[in-house]
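Take a look at the structure below.
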Amino acid sequence: MQFDTELGEILPLKKAQTEIKVIGRGGSDFQPVFDYFRTSKTHYDGIIIFTDGYADEPIITGRKPKVLWIFPDKQCEKVNAERLRQWGRCCVIEC
């Protein structure tokens, strides 16, 4: 799924697009993703989030997901990884 302040279209991984046009920028909110995970009838093993990390930490209640935070560069990781590690692992994939 794509998201910023709300959820976008949700596609299964086997039907996911191979190219995605990113629009917007800024103002991300992780909370809708974690709320969806908590309330979804579909069982997910975890969440992978491609992000620069500049958003408020989510409030996680109920079932806690395994989370992988993927940053686009070392600077984003340096600034945001420490506070996001409480919910999962962090790595960098430079584009």
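Basis for what follows: all heavy atoms, side chains included, without hydrogens, waters or symmetry-related copies.
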For residues [X] and [Y], report the shortest heavy-atom separation together with the two atoms involved.
{"X": "F30", "Y": "G53", "answer": "CZ-CA, 4.3 Å"}
{"X": "Y54", "Y": "C76", "answer": "CE1-SG, 3.9 Å"}
{"X": "P72", "Y": "D52", "answer": "CD-CA, 4.0 Å"}
{"X": "A55", "Y": "S28", "answer": "CB-O, 3.4 Å"}

TODO: Anything under 30° is parallel, anything over 60° is perpendicular, the rest tilted; go ahead and classify W87 against W69.
DONE: perpendicular
Just verifying a value: how many Å separate [X] [atom1] and [Y] [atom2], rounded to the nearest 0.5 Å?
{"X": "L68", "Y": "F50", "atom1": "CG", "atom2": "CZ", "result": "7.5 Å"}
{"X": "Q31", "Y": "L7", "atom1": "CD", "atom2": "CG", "result": "10.5 Å"}
{"X": "I93", "Y": "E77", "atom1": "CD1", "atom2": "CD", "result": "11.5 Å"}

Open item on the list: Applying side chain to side chain donor-acceptor pair (under 3.5 Å), can you list everything that pairs with T61, at least two apart in sequence or on another chain?
Closed with: R38
How about [X] and [Y]: do any of their side-chain heavy atoms sit closer than 4.5 Å?
{"X": "I49", "Y": "F34", "value": "yes"}
{"X": "F71", "Y": "T51", "value": "yes"}
{"X": "H43", "Y": "D45", "value": "yes"}
{"X": "I60", "Y": "P65", "value": "yes"}

Open item on the list: For the CD atom on E82, are there more than 12 heavy atoms of other groups (residues, nucleotides or ligands in this structure) within a distance under 6.0 Å?
Closed with: no
Task: E6 side-chain N/O to P32 backbone N/O, donor-acceptor pair under 3.5 Å - done: no
- [ ] Hey, could you give me each pair passing salt bridge (Lys or Arg N to Asp or Glu O under 4.0 Å) that has a residue in residues 56-70? Not counting sequence neighbours.
- [x] E57-R83
